[in-house]
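FYI, side chains are in, hydrogens and waters are out, and symmetry mates aren't considered; it's all heavy atoms of this structure. Below, read A as the first sequence line, B as the second, and so on, with proteins coming before strands; counting in each chain starts at 1.
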Protein chains: 2
Amino acid sequence: MALPFKKRVLIVEDDQEIRNSFSLIVNSSQKFMVVNSYGNCEDAIENINKDKPEIILMDIELPGMNGIQGTKIIKEKSPHTDIIMVTVYEDSELVFEALKAGASGYITKSANYMELLSALDEIVKGGAPMSSRIARMVIDNFHVNPNSPLTKRETEILQLISEGKTYTQISEELFISKETAKTHIKNIYSKLQVNSKSEAIAKANLEKLI
Amino acid sequence: MALPFKKRVLIVEDDQEIRNSFSLIVNSSQKFMVVNSYGNCEDAIENINKDKPEIILMDIELPGMNGIQGTKIIKEKSPHTDIIMVTVYEDSELVFEALKAGASGYITKSANYMELLSALDEIVKGGAPMSSRIARMVIDNFHVNPNSPLTKRETEILQLISEGKTYTQISEELFISKETAKTHIKNIYSKLQVNSKSEAIAKANLEKLI
DNA sequence: CCGCTAATCACGCAAGAAGTGGTATTAAAT
DNA sequence: ATTTAATACCACTTCTTGCGTGATTAGCGG
């Protein structure tokens, strides 16, 4: 393997021991090299244009700015850097926040030698390394509730509401009168116990009705 | 391994050859057995309570009802059956539709012996087998656009709008006057080129602004 | 220091959209 | 035969939006 083309990896992790152990593992590979490591996001952000990492292993719990906030800022400054979160928690809120912030992978600190390197490989080949549990969490998040209280027509209309359509547009699109659209929407509101379009959308997303 | 505890696998696939080859592979494993295989969803749905599969390998392109529609119906009738889509396409629309319908995995027909069995293993241990590209596609879907045209405050307000809040609620929650909330919302509308809350939500989701 | 942007606050008025509360008919499904 | 889903209309109220205008304060970068 051609040495000059090793992928540049940056580590952001406040625990010195973990930092060292990860560095050793990454550097042991023919394909990767650690360009730098920091104990906080602020330093990493400051030096991002100098370090030019292609991949960052990012802790979430950090002194000062946390890893999720840091991920957002780094992705703004360096959009093509892939970030893998490395954390002890598999808490669903944190996972989704991290993914929204721009993370492309999510592994736990218990990752061993092989798991860490295969996560890096996975990133390089355009994938998204995740533990089984995270993968399932993410996929489950897409699932639409099959036990919706809404009828087919109501769901159809709720869908159009979520696309930002007005009463008039909905009625035109479905070839029904505006009054009928209103009736359906009234029924949707009463079933979902809401009283506005945006509340209906919020509830629909929350309960995965669309 | 205890034979009576083999996991029950059902195959829905219209190509006889693929059906046979998948059957052979699955049956070759100590951990899985093919309980039945069908060339269309209709037959699979009809016999679902008799076959009692724990896992279904489901094709998408099928004569009659397609695999996505079939997945929806099967998940209604048998919520605990895990469904893995097996298809030639990795088209993003189809993938997301399949996941919304209730699929827990997504592999391609080119999957070999090992890939197929490890997908089944992955499902059994509560994961979500996917190819690298699909995993990335799914994760990318979470990423929030870091180049939003909106200011921090406007994003904050857009967030509240998406939660179904009224002008009054927004102003109360942010300790600002109703008039100020209106001003911000007007600015949001002009930046997003929309003219209602629900359109703003739609655009925000589309462009991943929140 | 100056200029810009963001964030805040405020008023008014008209038109249209949305929401509330009824009633009612028809077809399909059970 | 009864219920559910889908359709439609009316009347009335309230909220939202469009358009315009103006002003203050804080913070940032040149």
- Axis deviation across the helix from C/dC1-D/dG30 to C/dT30-D/dA1, five-pair ends, to the nearest 10°: 70°

For residues 125-138 of chain A, run the donor-acceptor check on the side chains, cut-off 3.5 Å, and write out each pair with its distance to 0.1 Å, sequence neighbours left out.
| residue | atom | partner | partner atom | Å |
| --- | --- | --- | --- | --- |
| A/Ser131 | OG | A/Glu90 | OE2 | 2.8 |
| A/Ser131 | OG | A/Ile134 | N | 3.3 |
| A/Ser132 | OG | B/Glu122 | OE2 | 2.6 |
| A/Arg133 | NE | A/Glu90 | OE1 | 3.4 |
| A/Arg133 | NH1 | A/Glu90 | OE1 | 3.0 |
| A/Arg136 | NE | B/Gly127 | O | 2.8 |
| A/Arg136 | NH2 | B/Gly127 | O | 3.0 |

Using a cutoff of under 3.5 Å, can you pull out all pairs of nitrogen or oxygen atoms linking the protein to nucleotides 3-5 of chain C, with atom names and distances?
none

- Under the side-chain hydrogen bond (donor to acceptor under 3.5 Å, both in side chains) rule, what pairs show up with a residue in residues 50-64 of chain B, not counting sequence neighbours? B/Asn36-B/Asp51, B/Tyr38-B/Asp51, B/Asn47-B/Lys50, B/Asp59-B/Lys109, B/Glu61-B/Thr87

Tabulate atom names and distances for all N/O pairs under 3.5 angstrom spanning the protein and nucleotides 26-30 of chain C.
none

- Task: Can you tell me which residue pairs pass the side-chain hydrogen bond (donor to acceptor under 3.5 Å, both in side chains) test with a partner in residues 200-210 of chain A, sequence neighbours excluded?
- Result: none

- Task: Would you mind reading off the distance between B/Ile188 atom CD1 and C/dT8 atom P, rounded to a whole angstrom?
- Result: 11 Å

- Mind running a 4.0 Å heavy-atom check of residues 154-167 of chain B against DNA chain D and sending the residues that fall below it, in number order? B/Thr166, B/Tyr167

- Would you call the rings of A/Phe142 and B/Phe142 parallel, tilted or perpendicular if under 30° counts as parallel and over 60° as perpendicular? perpendicular

- Within residues 186-198 of chain A or reaching into it, pairs that qualify as side-chain hydrogen bond (donor to acceptor under 3.5 Å, both in side chains) - sequence neighbours excluded: A/Glu154-A/Lys191

- Message: With the threshold set at under 4.0 Å for non-hydrogen atoms, list the residues of residues 168-185 of chain A touching DNA chain D in residue-number order.
- Response: A/Ile176, A/Ser177, A/Glu179, A/Thr180, A/Lys182, A/Thr183, A/His184

- Item | Sugar-phosphate only, base, or nothing, as touched by B/Lys152 at under 4.0 Å among non-hydrogen atoms | sugar-phosphate

- Would you mind telling me which of B/Val9, B/Leu120, B/Ile123 makes a side-chain contact (heavy atoms from CB on, under 4.5 Å) with B/Asp82? B/Ile123

- Pairs touching residues 172-185 of chain A that satisfy side-chain hydrogen bond (donor to acceptor under 3.5 Å, both in side chains), sequence neighbours left out: A/Lys165-A/Glu173, A/Thr168-A/Lys178, A/Ser177-A/Thr180

- Side chains of B/Ile73 and B/Met65: closer than 4.5 Å at any heavy-atom pair? yes

- Task: Tell me which residues in residues 192-209 of chain A put a heavy atom below 4.0 Å from DNA chain C, sorted by number, or none.
- Result: A/Asn195, A/Ser196, A/Lys197

- Message: For chain A and DNA chain D, what are the first and last nucleotides along the strand, 5' to 3', with at least one atom under 4.0 angstrom from a heavy atom of the protein chain?
- Response: D/dA5 to D/dA11

